[in-house]
*Asks:* 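I have a structure here, written as structure tokens, and I will follow up with some questions on it.
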Amino acid sequence: MILHTVNKSPFESNTFLECLELCDHGSSILLIEDGIYAAKKNTPSANKIESISGIKFYALSADIEARGLDENISSAITVVDDAGFVDLVTQHQSVSSWF
Amino acid sequence: MADKSILIIIRKAPYSNSIAKGAIELALASSVFEQKLSLVFTGDGVWQLLAQQQTETLGDKNHGKLLSALPLYDLEPVFVDEQALNQRSIELEDLLLQPELINSKTIKKMMADADTIFCF
Amino acid sequence: MKFSLVILGAPYSRQASATALRFAKAAINKDHSIERVFFFDDGVYNSNALTVAPQDETNIPEEWSLLSTSHNIDMIACVSSALKRGIIDQTEAKRYEKEAANISEGTEISGLGQLVEATLLSDRVITFGS
């Protein structure tokens, strides 16, 4: 089980899709920095996230709040704080950072 | 110290991004430690493998030449994501190092087997 | 658990370093330890002791230095990334006849072998990309 982090907006780059392509069932994806835009409700990336089973999706709360998207995150996403980020790292065998 | 394996996933094009060079330098540095290391080129990282790189006008070091050092450090074979080549219409014979073609299923397996992943 | 962090982004230009700093503090708060912080590529700008931040902004290089001294964290700036970006210590300043050194307190200039070694010394290695 791998924790993938993605820090790029899906509107700017292919990074999120490349990560998805290589993310195995049972692994998790944590959206950080501009990566959280992938979690915005009613967007192609959020629709994709909602349609995928077997991968858990998380997003970092500090980045969501700073970008004004608090009320607009897809319900398929679990929002975590910095301590939650640390827990996710310990709960997965390794971390792969997509940037 | 525990014996731990490293996987370097290379996904940036050369010249515009210095981490492309950094990833290869990291691979070369790891060979001193006799650790198990695998190199996978995917995404725009596959551009690094093109054989016909000419950098005289650019003034930068030839990235292809840096890659040619990999076999000298016993860092072969290198692996390349078949789908990334296909998306970019790159033929296997256009590439340096005679890489081994792999699919996303194999890359996922390699990621699962690695202790540390650098996705540069 | 023991973590090592790889920082690839310059402070202020990219968010990577600030994210990593928050992660490091959260990890320490949860009684984990940071084994090594490796500044690589543009990340080496985090070791510039001459950084001056506006009063209402965090001095990120200074924060890394404080974290290093207060929690005994090994911090390394990659030599090949650092020298070409003008981040140098006393030894390198002498060797290349430069007027001054600017490496932050707590950070050493060393090679990529230190990053490979970090993978052996830590339970997890986390990259903060630019």
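Letters A, B, ... mirror the listed sequences (proteins, then strands); counts begin at 1.
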*Asks:* Tell me, out of A/Asp87, A/Thr5, A/Ile32, who's got the most heavy-atom pairs with chain C below 4.5 Å.
*Replies:* A/Asp87
*Asks:* Can you tell me how far apart CZ (C/Arg22) and CG (A/Asp63) are? Round to the nearest 0.5 Å.
*Replies:* 5.5 Å
*Asks:* Non-hydrogen contacts under 4.5 angstrom with chain A: give the residues of residues 27-44 of chain C involved, or none if there are none.
*Replies:* C/Ala27, C/Lys30, C/His32
*Asks:* Give, for atom CD1 of C/Ile126 and atom OG of A/Ser94, the distance between the pair rounded to the nearest 0.5 Å.
*Replies:* 10.5 Å
*Asks:* Output the residues of residues 49-78 of chain C for which the shortest heavy-atom distance to chain A is under 4.5 Å, in residue-number order; output 'none' if no such residue exists.
*Replies:* none
*Asks:* Determine which pairs satisfy ring-ring contact (aromatic ring centres under 6.0 Å, His included) with at least one residue from residues 110-130 of chain C, sequence neighbours left out, and list them in order.
*Replies:* C/Phe23-C/Phe128
*Asks:* Quick check on A/Glu50: does its CD atom have over 12 non-hydrogen neighbours (other residues, nucleotides or ligands) under 6.0 Å away?
*Replies:* yes
*Asks:* Between C/Ala26 and A/Ala83, which heavy-atom pair has the shortest distance, and what is it?
*Replies:* CB-N, 4.0 Å
*Asks:* Side chain, backbone, both or neither: which part of A/Leu3 has a heavy atom under 4.5 Å from chain C?
*Replies:* neither
*Asks:* For chain A, which residues from residues 1-16 of chain C lie under 4.5 Å away (heavy-atom distances)?
*Replies:* C/Met1, C/Phe3, C/Leu8, C/Arg14, C/Gln15, C/Ala16
*Asks:* Does atom CD of A/Glu71 have more than 12 heavy-atom neighbours from other groups under 6.0 Å away?
*Replies:* no
*Asks:* Give the minimum heavy-atom separation between A/Asn7 and C/Gly129, together with the two atoms involved.
*Replies:* ND2-O, 3.2 Å
